[in-house]
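For reference, the structure I am asking about is given below.
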Amino acid sequence: MSRLYLSPPHMSGRELDLLREAFASNWIAPLGPHVDAFERELAARCGVGGAAALSSGTAGLHLALILAGVGPGDEVWCSDLTFAASANAVRYCGATPVFVDSDPRTWTLDPNLVAAGLADAARGDRLPKALITVDLYGQTCDYAALEPLCAEHGVTLISDAAEALGAVARDAAGHERPAGSFGRYAVLSFNGNKILTTSGGGALLSDDAAAVERARKLASQAREPAPHYEHVELGYNYRLSNLLAAVGRGQLAVLDERVVARRRNFARYRELLADLPGIGFMPEAPYGRANRWLSVVTVDPDAFGTDRETIRLALEAENVESRPLWKPMHLQPLYAGCRVLGGAVGERLFAHGLCLPSGSAMTDADLERVAGLVRACQRP
Ligand SMILES: *Cc1c(COP(=O)(O)O)cnc(C)c1O
């Protein structure tokens, strides 16, 4: 049987036409009309004032922290259950990450822990400079709670929406807004396994037009407007190439279909596995609609008779890729010794959670194949 990947790229066909056009006009690198158009289309899609197309989501997080004024000696709070890139960007700035656990009802950042933690920090006069909220596996955080909290304490909110393009959530005013519109800055990723891909890429989004312009400058080696190369501040080489922006435009045009397909995967897994004792599913938060980037289940080894790792190995033996959930940052050797608020929820999800193949091109036969293999692992 051919290999089933966790989340492979899914091209629509339009990408190649747009690439041909870029080749025909010889806009190969570095910037160009597809970058400008991709930025406009991303901003429109996410309902924000502007977007800077970048070489990766990680670059976006780094620039967002710089724009927030984060530097050595500062604290930045960050979702504990996430990919390391969210936290690594804090270290790039010489700042200290503090990790905050998930809410068991949504698996995303627990707003009650944030509220209690910020109240405490305010009393001790040691508030974090920024909060990085991770829209986990395509589900946004509870921004109706988190945006007002950050505003109250003067903490810059940076939403890491790398996994959540196409998701929506209600804000404190009851308005439904797209992932990528929350916080002062939001970050997207177009890495190879995300819901849309440019093979590699990312974006920084904000309503603050001057901040987006500054992000573009910092991402272009911070070159000053002069005929020669003039530099006043430290810059980076973080811009997206015109070729990859062409691919991104082709991908963005089919985002709605991709969300439908990913949500269908999840619903079908749920149907196929619902009767199995000990199998749970990532809950959908009542405040929004996830893009279901990855279909995630939990395995209670006592009720199911087999643990998560045994299932993962059984799938691998049949050429099916699956993966444990993110290992919480407070358990990573890199972040040993960092402060963590809570931590038990993420630990439990890491111990028992499994991400199933979730590509938007999966067929019903693929989904049945995976579900059948999971089912066969049950032990009475
Ligand atoms: C993928 C991902 C990133 C990093 O994006 P890159 O484009 O790979 O740099 C950051 N945060 C989260 C939560 C991610 O899933």
Side-chain angles (χ1 to χ4, degrees), residues 9-64 66-67 161-162 164-166 178-181 185-192 194-231 233 235-259 360:
H10 184 185
M11 293 295 121
S12 69
R14 298 163 203 233
E15 298 85 359
L16 209 47
D17 295 335
L18 289 157
L19 270 175
R20 277 204 191 86
E21 187 196 303
F23 270 78
S25 62
N26 205 34
W27 276 109
I28 306 299
L31 296 167
H34 283 304
V35 172
D36 300 337
F38 189 40
E39 290 180 339
R40 280 195 304 273
E41 290 162 9
L42 279 174
R45 173 72 206 209
C46 293
V48 294
L54 302 169
S55 54
S56 71
T58 309
L61 288 162
H62 187 193
L63 293 180
I66 293 171
L67 292 172
L165 184 57
S181 71
Y185 310 109
V187 172
L188 302 174
S189 166
F190 312 114
N191 187 15
K194 297 300 192 322
I195 191 164
L196 303 187
T197 183
T198 59
S199 80
L204 179 143
L205 285 67
S206 181
D207 275 329
D208 180 345
V212 172
E213 199 43 52
R214 189 163 143 68
R216 291 194 188 106
K217 180 188 173 193
L218 290 171
S220 316
Q221 307 283 22
R223 187 180 176 184
E224 299 294 332
H228 60 278
Y229 282 92
E230 178 77 10
H231 300 280
E233 56 185 340
Y236 304 87
N237 184 5
Y238 278 172
R239 284 294 253 159
L240 189 70
S241 94
N242 195 55
L243 293 182
L244 298 188
V247 175
R249 294 184 71 199
Q251 288 272 284
L252 191 58
V254 292
L255 175 59
D256 289 332
E257 293 156 53
R258 298 298 182 256
V259 174
S360 45

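None of these values were measured; they are calculated from a predicted model.
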Can you tell me how far CG of L16 sits from CE of M11, rounded to the nearest 0.5 angstrom?
10.0 Å
Tell me if a side-chain donor or acceptor on T198 pairs with a main-chain N or O of G200 at a distance below 3.5 Å.
yes
Report yes if some heavy atom in the side chain of H62 is under 4.5 Å from a heavy atom in the side chain of V187; otherwise report no.
no
Identify the heavy atoms of A51 and L205 that sit nearest to each other, and give their distance.
CB-CG, 4.0 Å
Indicate the atoms forming the closest heavy-atom contact of S199 with N191, along with that distance.
O-OD1, 4.1 Å
Taking 4.0 angstrom as the limit, do D17 and R249 come out as a salt bridge?
no
Reported CG-to-CG distance for the pair N242 and L18, which is rounded to 0.5 angstrom:
10.5 Å
Side chain E21, main chain L19, donor-acceptor under 3.5 Å:
no
Going from OG on S56 to CG on L188, what distance comes out if it is rounded to the nearest 0.5 angstrom?
12.0 Å
The ring pair (Phe, Tyr, Trp, His ring centres under 6.0 Å) partners of F38 (sequence neighbours excluded) come to F190
Considering only NZ, NE, NH1 and NH2 on the basic side and carboxylate oxygens on the acidic side, decide whether E233 and R214 come within less than 4.0 Å.
yes
Looking at every non-hydrogen atom in both residues, tell me the closest pair between A215 and L204 and how far apart they are.
CB-CD2, 4.2 Å
When every non-hydrogen atom of G49 is compared with those of D207, the smallest separation belongs to N-OD1, 2.7 Å
Does the R258 side chain pair with the main chain of L252, one donor and one acceptor, at a distance under 3.5 Å?
no
Side-chain contact test, heavy atoms from C-beta onward, threshold under 4.5 Å: evaluate it for V254 versus R14 and give yes or no.
yes
If I compare all heavy atoms of G180 with all of A161, which pair ends up nearest, and what's the gap?
N-CB, 3.9 Å
Heavy atoms only: give me the nearest A222-G235 pair and the separation to one decimal.
CB-CA, 3.6 Å
Residue pair R223 / K217, side-chain heavy-atom distance below 4.5 Å
no
Would you say C46 and L165 make side-chain contact, with heavy atoms under 4.5 Å?
yes
Straight-line distance of D36 CG to E41 CD, nearest 0.5 Å
10.5 Å
Sidechain-backbone polar pair: E213 side chain, A52 backbone, donor-acceptor under 3.5 Å
no
Got L243 and H34 here, is their nearest side-chain heavy-atom distance under 4.5 Å?
no
CA sep, side-chain torsions, deciding dist, call: D256, R45, side chain to side chain contact (heavy atoms under 4.5 Å, CB included):
CA-CA 11 Å; D256 289 332; R45 173 72 206 209; 2.9 Å; yes
What is the distance from atom OG of S55 to atom CG of L244, rounded to the nearest 0.5 Å?
10.0 Å
Rounded to the nearest 0.5 Å, how far does CG of L67 lie from OH of Y185?
4.5 Å
Sub-4.5 Å side-chain heavy-atom contact between L31 and R239
yes
